[in-house]
Every structure is written in structure tokens, then in C-alpha cells.
Amino acid sequence: MRRLPVFLALFFGASCEDLAPALEPGEELAGGDTTIRDESPNAFSYSARNMTFERRQRFVVGNSFFNKNWVIAPASTTGRDGLGPTFNARSCSACHFKDGRGRPPEADEPFTSMLLRLSIPGEGLHGGPRDVPGYGDQLQPNAIDGVAPEAVPKVTWVERPGAFADGEAYSLRVPTYTLEDPAYGPLPADLFISPRVAPVMIGMGLLEAIPEADIVAREDPRDADGDGISGRANYVWDLAADAAVLGRFGWKANQSTIAQQTAGAFLGDMGLTTEMFPLENCPEGQPECAAAPHGGQPEVTADLLEDVVFYTATLAVPARRGADAPEVLRGKGLFAAAGCVDCHVPRHITAADAAIDEVRGQTIWPYTDLLLHDMGDGLGDGRRDYLADGNEWRTPPLWGIGLVETVNRHTSFLHDGRARSLMEAVLWHGGEAEPAREAVRSFSADERADLIAFLESL
Ligand code: HEC
Ligand code: HEC
Ligand SMILES: [Ca+2]
Ligand SMILES: [Ca+2]
Ligand SMILES: [Ca+2]
């Protein structure tokens, strides 16, 4: 419409604007009462706006342990020693930089803000992925002195050209991951590698507080309503419950709670034990790892873990920017028309009895259903993760996505960061999301710009 001559645009202007949906009440306050207004590089790092002064103290302690580098044991700083023996990073914030998002390495850079999950075919403990002999369930490319890093990960890229319906060309890059110099025996021929970048940390407690009944109510595993969308829930082992429970976190909804995700990250990513995971991460066949000194039993005390969990659960969601701009509202209409909302469900209301004060009874706009969807072979990792099959991924929340470039100085999207822009992320959608992608491919250049304006306002 913007290409119409000016007089026609003025003439038709009113009716065109009518096609755009209105701003809904509270829509720009993506995280309800936790929402902060900031569009600086610190936008992901604030405590929930509704947090009381007294509770802020815990947040501050959690923040410092999220950011501080852990050191090798034994050390004079006994409060934060015990790193490794093998590890990915020295701090949470090494990957979740500024509470934001990781990315794949540039050519010949080390892997600093993403990780590779590993497994072999079959089922492991409690229906989870099956460990790789000698290597476990994740690649740790770093180790303390005297212990060999597990292997050196590499990624190479191939361009795959494509075009929008109007002829404008684009190119998508396809990654291939390999492991060089494996230190603990040959890698199996049927090894699965699932590369995953660190997601943004905002609003985790709000997502945890969405009532389970509301999430499973959207499941439609056999697509009974025939709309082509068949989301289903993942059920994953929860140590505290000693049972399989609804998975909400991770790229395949492969973690149940923020607490278990955090304790799992301490062990798997940094080599730090907790009450939940009391044993060092030394798979059989790594004797130097098993014999290495530790930094206490556990290395992360229960209090400290609780503070980091509280911190992670209560990071504020930034408010939308320009949510009522005409192009953003037009983009919002296109987001609905293309069927994006079928998975990226805009609005939820958190439980009135949620455990954390700040996240109770909030109307939030995360743009996710927290369900698994078949996204096609193109995005598949071939790897089972509890009930998620090789092509299934959890719909990621889109709140804050327009601020990633400001905070993290990159625009790498999707689970492995292969998309170099928001549009490339959309163009990778396949499987259940293929009709939505095709709708976008047939949009005009102006419509595509409006859709991106909407995404950037989130
Ligand atoms: C080596 C990089 C790395 C480090 C270090 C790391 N994380 Fe993560 N984090 C990730 C990745 C990758 C995921 C997604 C995991 C998956 O899909 O299995 C993730 C997921 C999460 C999630 C769930 C996010 C979501 O959207 O579902 C939370 C919460 C989290 N991490 C907290 C932490 C905390 C707390 C620490 C420090 C104790 C930490 N992480 C350390 C890479 C890292
Ligand atoms: C069938 C469900 C489904 C539909 C429909 C869908 N998405 Fe997605 N979307 C997903 C899933 C699942 C992912 C994660 C895929 C991955 O990481 O490999 C994703 C990822 C994304 C991402 C990247 C998010 C991130 O954090 O990296 C963006 C942006 C996005 N979708 C936008 C859209 C838009 C715009 C539309 C409509 C044109 C759309 N999606 C339609 C399920 C869907
Ligand atoms: Ca350790
Ligand atoms: Ca390992
Ligand atoms: Ca359906």
C-alpha cells in the first residue's frame, strides 16, 4: 500500500489502517508487573520491577554468582572453587552474556556461548537421551590442568540459496558440526550432536508460573482440529518430584524447573556439584577426571544455588518499544494472518498461587505455547530428548527478541544460531510451520518489513 501514489494512499489510507489490529490493553507490558522500561545494552539484566527492596538483596547475591568466574580447586577463594574437571565455561554469564543470548563461533573461534549435547540411539536413564560411552551427554571442550578436554568442536557452513515469491533472493546457511581430537576413545559412528545456543534469561519465573493445565490444553498431538498444528508436551525426569513431569525449559522443553536447569548447568556446563547433582561429571573412562581435586561437597551450597535460581527466575522482561507504531500494528496483523500465533501464542496468565511473589497472577506476552512442534528435517538434529523427536523443538518465547542485537551485538537466532536475522529464522520454519513460512515468502517487500518491525518491537 505504501507504494501507491500519495493521493491514492490518502484516499485509501483510512481503510488500510483499519486492517491493522489495535494495541490490546497491557500488550506493551510483556512481563506484566515485572516489566521494566529499558532499551539499553542492560535491558535483560534488571530485577522484576515489582520486587520489594528486601528481596532485592537475594537477587544481587544471585547476580554476582551468575557473573563471577569459578576457579580451579583448591583455591583461597573457597566460596567459588571447584571448576571442572571438564567444563564449557567459567560462569553462567559467559554463555548468557548480559543475561542474553549465545551464538555460534566465527571461523576458528572457540565455542564460548553454546554447547553440544551428545547421545547415541536408544533410551537412557528415565527415558532421557542415552549417554555416549566415555563422553556422557554433553561435550566439555575445556578442562583443568592434568585432565584432557573431551574434544575440539568445529562448525562449517554451506550457503543454501532461495527466493521470495516476488523474486527477491536470500541465502540460508547450513551448519555441520564435527569433533576433532577426541580424548576418550573413538566417537561412535551413530553419534548424535545437538548444538544449542544459550537462550535469553528474562521472564523465566513467569514461564514457570503458567498453569500446566493451560499448556496441555493446547496439545493436539494428532491434529484433531485439522489446522496442521500438532503441538505436544514433553515430559522429562524431575529429580525433586522423582517422576516425569511437564518440560518447559531448554530448546526441546527438556528441563522441568528453573532449579533443575540451574543445578544441571552448574554441573554440566561448569563442573560444579550441588545437592541435586552431588557427583562430579566424570563419565566412565575418564580416570584423571575422577581423581581430580574437588572444591567442597557440594561445591555450590544449597543457599547459593537458591540465590542463583531466584535471580534467574526474577529477571524482568523489558517493555515493547513502539508497539503502537502503524507498521508494527500492521506487522502484528500479518503475524496473526500467517498463523505464527498458533505456536507463538501471544498471551498467558500466570498462576495466582505461584511460588514466587513477583510472578503471581500476571498477564504476560511471551509468544510461546511451550509445546513441541515438528519443524521439519531442515532444523532437525535427529536426536531424541525424552519425548521430543529429532525434528521437534519447543516454541521459543519471542519477548525481548528485538533487543538481542542491542544487548548481545549479534542477530543469530534459532536453537543453534544458524539464522543471521529474524527473517532467516522465519525462512527456516518447516514441518508444521511450513504454511506460515510460505505465507511470509509470498508477502510483498512492504509486508515483510512490517512483520520484522513487529518482531523487533517485541
Ligand atoms: C556453556 C554455555 C552455558 C552456560 C555456562 C550456562 N548455560 Fe544456561 N543454557 C545454555 C544452553 C545451551 C541452554 C539451552 C539448553 C538446552 O536446550 O538443552 C541453556 C538454558 C538455560 C535456562 C533455560 C532457558 C530457557 O529458555 O528455557 C536457564 C534458566 C539457564 N540456562 C540458566 C543458567 C544458569 C543459572 C547458569 C549458571 C549456573 C547457566 N545457565 C550456565 C548454555 C549455558
Ligand atoms: C508450528 C509452530 C510454529 C509456527 C506456526 C511458527 N513458529 Fe516460529 N518457531 C517455532 C519453533 C519450534 C521455533 C524454534 C526452532 C528452532 O530453534 O530450531 C521457532 C523459532 C522462531 C524464531 C526464532 C526465535 C529464537 O529465539 O531464535 C522466530 C523469530 C520465529 N519463530 C518467528 C515466527 C514467525 C514470524 C512465524 C509466522 C510466520 C512463526 N514463527 C511461526 C514454532 C513455530
Ligand atoms: Ca567440580
Ligand atoms: Ca562430557
Ligand atoms: Ca491442530
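For ligands, and for the atoms within them, numbers begin at 1 and follow the listed sequence.
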Per-atom contacts, ligand 1 versus [X] - under 4.0 Å to a heavy atom:
X	result
N88	1 (C)
G250	16 (C), 17 (O), 25 (C), 27 (O)
S91	5 (C)
F266	38 (C)
L115	12 (C), 42 (C)
N254	16 (C), 17 (O), 18 (O)
V308	35 (C)
F66	34 (C), 35 (C)

I'd like to know if the side chain of [X] reaches the main chain of [Y], judged simply by a donor and an acceptor atom lying under 3.5 Å from each other, with no hydrogens or angles considered.
X	Y	result
N234	K252	yes
E424	L172	no
T77	G79	no
S119	D131	no
N67	N63	yes
T273	E299	yes
R321	E456	yes
E306	D303	no

- Message: Tell me whether T312 has any N or O atom under 3.5 angstrom from an N or O of ligand 1.
- Response: no
- Contact (N/O only, under 3.5 Å) between K252 and ligand 1: no
Please tell me whether [X] and [Y] have a donor and an acceptor in their side chains that are separated by less than 3.5 angstrom.
X	Y	result
D269	Q138	yes
K98	N408	no
S40	D38	yes

- Quick one: closest heavy-atom pair of D33 and Q362, and the distance? N-OE1, 2.7 Å
- Measure centre to centre between the rings of W393 and H373, then say whether the value is under 6.0 Å. no
- Inspect the surroundings of CD in E275 and state if more than 12 heavy atoms from other residues, nucleotides or ligands are less than 6.0 Å away. no
- Task: Assess whether atom CG of D227 is packed by more than 12 heavy atoms of other residues, nucleotides or ligands within 6.0 Å.
- Result: yes
- Tell me, with the steps shown, if E432 and S230 meet side-chain hydrogen bond (donor to acceptor under 3.5 Å, both in side chains). CA-CA 7 Å; E432 293 171 44; S230 59; 3.2 Å; yes
- Return the number of protein N, O or S atoms with a distance to the Ca ion (ligand 4) smaller than 3.0 Å. 5
- Message: Suppose we measure from atom 17 (O) of ligand 1 to each protein heavy atom; which comes out shortest, and what is that distance?
- Response: W251 N, 2.8 Å
- Query: Which residue supplies the protein heavy atom nearest to atom 12 (C) of ligand 1, what is that atom called, and how far is it?
  - Reply: R196 O, 3.2 Å
- Message: Quick test of your reading of the structure: of Q140, R117, M204, H415, whose heavy atom lies closest to atom 26 (O) of ligand 1?
- Response: M204
- Please work out whether the ring planes of Y177 and F111 are parallel, tilted or perpendicular, with thresholds of 30° and 60°. perpendicular
- Item | OE1 (E299) to the Ca ion (ligand 3) to O (G271) angle, given to the nearest 10 degrees | 80°
- Message: Given the Ca ion (ligand 3) as the apex, I'd like the angle to OE1 of E280 and O of G82, rounded to 10 degrees.
- Response: 160°
- Query: List-wise, which protein N, O or S atoms are found short of 2.8 Å from atom 8 (Fe) of ligand 1?
  - Reply: H96 NE2
- Query: Taking heavy atoms and a distance under 4.0 Å, where does E208 meet ligand 1: side chain, backbone, both or neither?
  - Reply: neither
- Message: Between the side chains of R248 and E208, is the shortest nitrogen-to-carboxylate-oxygen separation below 4.0 Å, so that they form an ion pair?
- Response: no
- Query: Backbone or side chain, does A292 get an N/O/S atom under 3.0 Å to the Ca ion (ligand 3)?
  - Reply: no
